[in-house]
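A short write-up of the structure that comes next.
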Amino acid sequence: MNYWLMKSEPSTFGIDDLARARNSTSGWDGVRNFQARNYMREMKKGDLVFFYHSSCPVPGIAGVAVVQREAYPDPTQFDSKSDHYDAMSDPDNPRWFMVDVKLVRKFDTVISLDELRKHAAGKLKDMIVLKRGNRLSVTPVTKSEWSFIESLV
DNA sequence: GCCAACGTTGGC
DNA sequence: GCCAACGTTGGC
């Protein structure tokens, strides 16, 4: 089993939106970055995901979700009315993929980016999301990083 | 294949 | 709203 971190802006889709979704499950559409897409295609059902809130008053990890459905073509790429429409994508060879995730638990308080940074020289020294200039919206998390962060909850 | 220009992300 | 950092595009 593998571990991941996925970013979303809570003003668009936050952990509370996932909690309100049918079966607490939602598709994670709209990813338009090749590296992030490639990571999503590696995801297996049952993999665990940190749900990260970005571009908000307290950026950080808001809870845990689980991969419920493995990668499949993101329909928004073919919807000319969607913000995520991609005229270059061929329906016979789609560019963009998405997964479905189900909420496992919302943390009582967000593990803030500030708090994570306190460990940036220690246990979390290789964590991608703490690297300078990182913008990748889907990143792998190691087992040791995962366990350590869970211990901060 | 290089690289400048541009658009986007995301913390502050 | 600013701006550093980065990915992508497109001219050459």
Side-chain angles (χ1 to χ4, degrees), chain A residues 2-21 26-43 47-67 70-101 103-142 144-146 148-153:
Chain A
N2 288 308
Y3 302 93
W4 308 93
L5 180 145
M6 299 175 87
K7 294 181 190 172
S8 184
E9 297 186 20
S11 60
T12 303
F13 188 87
I15 200 162
D16 291 331
D17 295 299
L18 185 57
R20 277 191 294 269
S26 174
W28 200 285
D29 62 15
V31 171
R32 293 296 180 267
N33 171 285
F34 290 105
Q35 209 176 342
R37 179 205 65 183
N38 294 345
Y39 284 136
M40 282 203 298
R41 291 207 288 204
E42 289 179 31
M43 291 182 182
D47 281 1
L48 293 174
V49 178
F50 281 136
F51 193 127
Y52 182 94
H53 282 172
S54 64
S55 297
C56 59
V58 185
I61 297 169
V64 174
V66 61
V67 175
E70 295 176 9
Y72 59 101
D74 178 347
T76 63
Q77 70 195 304
F78 305 122
D79 177 1
S80 60
K81 290 187 281 297
S82 168
D83 288 345
H84 303 296
Y85 178 59
D86 182 355
M88 301 291 288
S89 187
D90 175 358
D92 292 328
N93 185 21
R95 262 191 180 182
W96 306 115
F97 288 76
M98 59 187 284
V99 296
D100 289 355
V101 300
L103 183 66
V104 174
R105 71 164 165 152
K106 176 186 173 182
F107 297 150
D108 292 335
T109 57
V110 170
I111 305 174
S112 68
L113 183 59
D114 278 351
E115 180 163 7
L116 294 171
R117 284 230 174 91
K118 287 177 190 163
H119 308 282
K123 300 258 191 186
L124 300 181
K125 69 180 170 54
D126 295 321
M127 190 151 184
I128 297 170
V129 85
L130 300 182
K131 302 272 187 200
R132 184 157 175 267
N134 168 70
R135 301 189 316 178
L136 201 53
S137 64
V138 179
T139 55
V141 172
T142 67
S144 65
E145 288 163 351
W146 183 278
F148 178 71
I149 291 169
E150 286 257 303
S151 77
L152 298 174
V153 177

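Just so we're on the same page: letters track the sequence lines, and every chain starts at 1. No experiment lies behind these values; they were computed from the predicted model shown.
- The residue Ser55(A) sits close to a base: some heavy atom pair falls under 4.0 Å.
- Put simply, CE on Met43(A) and CG on Leu48(A) are 11.0 Å apart, with the number rounded to the nearest 0.5 Å.
- Atom NE2 in His84(A) sits about 13 Å away from atom C1' in dT8(B), given to the nearest Å.
- As rounded to whole Å, 20 Å separates atom P of dT9(B) from atom CG of Leu130(A).
- No side-chain donor from either of Arg32(A) and Ser89(A) sits under 3.5 Å from a side-chain acceptor of the other.
- With values rounded to the nearest 0.5 angstrom, Ser26(A) atom OG is found 8.5 Å from Trp28(A) atom CH2.
- Spacing between atom CG of Leu136(A) and atom P of dT8(B) amounts to 17 Å, rounded to whole angstrom units.
- Here the CD1-CD1 distance, from Ile149(A) to Ile61(A), works out to 4.0 Å after rounding to the nearest 0.5 Å.
- Atom CZ of Phe34(A) is separated from atom P of dT8(B) by 15 Å (rounded to the nearest Å).
- When rounded to the nearest whole Å, the span between CE of Met6(A) and C1' of dG10(B) equals 17 Å.
- Here Lys7(A) reaches the OP1 or OP2 of dG10(B): one of its side-chain N or O atoms lies under 4.0 Å away.
- Within residues 107-118 of chain A, the residues having any heavy atom closer than 4.0 Å to DNA chain B are, in order of number, Leu113(A), Arg117(A).
- Taking the side chain of Arg95(A) as heavy atoms from C-beta on, and the options dT8(B), dG11(B), dT9(C), the nearest nucleotide is dT9(C).
- Atom CE of Met40(A) is separated from atom CH2 of Trp96(A) by 9.0 Å, given to the nearest 0.5 angstrom.
- Atom CG in Asn134(A) sits roughly 19 Å away from atom P in dT8(B) (whole-Å rounding).
- In this structure, the CZ atom of Arg32(A) is 15 Å from the P atom of dG10(B), given to the nearest Å.
- Taking side-chain N and O atoms only, Tyr52(A) has a distance below 4.0 Å to OP1 or OP2 of dG11(B).
- Note: CG (Asn33(A)) to P (dG7(B)) measures 18 Å, nearest angstrom.
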Discussion item. As a quick check of understanding, evaluate salt bridge (charged side-chain N to carboxylate O under 4.0 Å, His left out) for Asp74(A) and Arg37(A), giving each step before the final call.
Written reply: CA-CA 10 Å; Asp74(A) 178 347; Arg37(A) 179 205 65 183; over 6 Å; no
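- Asp17(A) is linked by a salt bridge (Lys or Arg N to Asp or Glu O under 4.0 Å) to Arg20(A), counting only residues two or more places apart in sequence or in another chain.
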